[in-house]
Amino acid sequence: ARFGDMIDDFALTIKTPDKYGVLGIGKRVKEWKEGEVLVTRWESESPVEFPTIIFGKYVSDSPKIIAKKADGREIPVTVYVDEVSMAQLAIDVQDQENLGECADAISGGARGIREKQLRAIGDQAVNAINLYRELTGLDYPYGELNLVNDPAPAMYGQATSSLI
């Protein structure tokens, strides 16, 4: 297969330290522990273009409103933010010398995200899914949607199947 080709039968088993939460495309069909290792098995019901698994220490929340497919099936939506981005960034520019240090700290990525903000982000995603279903008559093609922050400032976001 080449980059960009669709993978019709996607299944992946991942091992991570058990202190991390694991997110991936498709559906987590099985999870178990082997000592201090968390093992997760992922499978997709539909073709996948860019297999993706991520892991980290996350804080999460889900909206109270529900995204639905045309037949009424619910689409779970969850917002995840890594613990580092939840921490406050203390900046005290006292003189020109530490201005560079403060600039480096700011460029280190998002900080001070509050947990109560996560639900509002999820609400917007649910409203978008439902609105586009109504406007186009097409269902959201995946079984769930996970929105995850990118803690590195110079990195980039990607939107793989069901994981943004």
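This one's a predicted model, so the numbers in the text were calculated from it and none came from an experiment.
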(Q) If hydrophobic clusters are built from ILVMFWY residues whose side chains come within less than 4.5 Å, do Val39 and Phe55 share one? (A) no
Q. Is it true that the side chains of Ser44 and Trp42 contain a donor and an acceptor less than 3.5 Å apart?
A. no
Q. Ignoring hydrogens and geometry, is there a side-chain-to-backbone donor-acceptor pair from Lys57 to Asp82 under 3.5 Å?
A. no
Q: Using a 4.5 Å cut-off on heavy atoms from C-beta on, say whether the side chain of Thr78 contacts that of Asn146.
A: yes
Q.
Does any part of the side chain of Asp18, heavy atoms only, come nearer than 4.5 Å to the side chain of Val37, both counted from C-beta?
A. no
Q: Can you see which heavy atom on Gly122 is nearest to which on Val77, and at what distance?
A: O-CG1, 4.1 Å
Q) What about Ile121 and Ile65, same hydrophobic cluster or not, with Ile/Leu/Val/Met/Phe/Trp/Tyr joined at side-chain heavy-atom distances under 4.5 Å? A) yes
Q | Check: Phe10 and Ile25 side chains under 4.5 Å, non-hydrogen atoms | A | yes
Q. When you check the gap from the basic side-chain N to the acidic O, do Lys69 and Glu74 get nearer than 4.0 Å?
A. no
(Q) Are the side chains of Glu36 and Lys19 in contact, using a 4.5 Å heavy-atom criterion? (A) no
Q: List the atom of Pro76, the atom of Gly143, and the distance in Å for their closest heavy-atom pair.
A: CD-O, 3.1 Å
(Q) Please report the interatomic distance NZ(Lys15) to OG1(Thr40), rounded to the nearest 0.5 Å. (A) 11.0 Å
Q.
Could you go through Glu31 and Leu38, starting from their C-alpha distance and side-chain angles, then the distance that decides it, and tell me whether this counts as side-chain contact (heavy atoms from CB on, under 4.5 Å)?
A. CA-CA 7 Å; Glu31 177 177 302; Leu38 177 66; 3.5 Å; yes
Q) When rounded to the nearest 0.5 angstrom, what distance separates CD1 in Ile129 from CG in Leu145? A) 5.0 Å
Q) How many angstroms lie between atom CG of Leu118 and atom CG of Asp123, to the nearest 0.5 angstrom? A) 11.0 Å
Q: On the 0 to 90° scale, with breaks at 30° and 60°, tag the Tyr80-Tyr58 ring pair as parallel, tilted or perpendicular.
A: perpendicular
**Q.** Exam field: side chain Arg28 to backbone Val22, donor-acceptor pair closer than 3.5 Å
**A.** yes
Q.
Let me confirm one number: the CD-CG distance from Glu144 to Leu23, rounded to the nearest 0.5 Å.
A. 8.5 Å
Q.
Donor-acceptor check, side chain of Asp139 to backbone of Pro141, threshold 3.5 angstrom: yes or no?
A. no
**Q.** Check: Leu12 and Ile14 side chains under 4.5 Å, non-hydrogen atoms
**A.** yes
Q. Would a 4.5 Å heavy-atom cut-off, applied to side chains only, mark Tyr132 and Leu138 as touching?
A. no
Q) If only atom types and distance count, is the side chain of Arg119 paired as donor or acceptor with the main-chain N or O of Pro63 below 3.5 Å? A) no
Q. Would you find a donor on one side and an acceptor on the other, under 3.5 Å apart, between the side chain of Thr52 and the backbone of Gly24?
A. no
Q: Please answer whether the main-chain N or O of Ile66 pairs with a side-chain N or O of Asn130 as donor and acceptor at a distance below 3.5 Å.
A: yes
Q) When you check the side-chain N and O atoms of Arg41 and Thr13, is any donor under 3.5 Å from an acceptor? A) yes
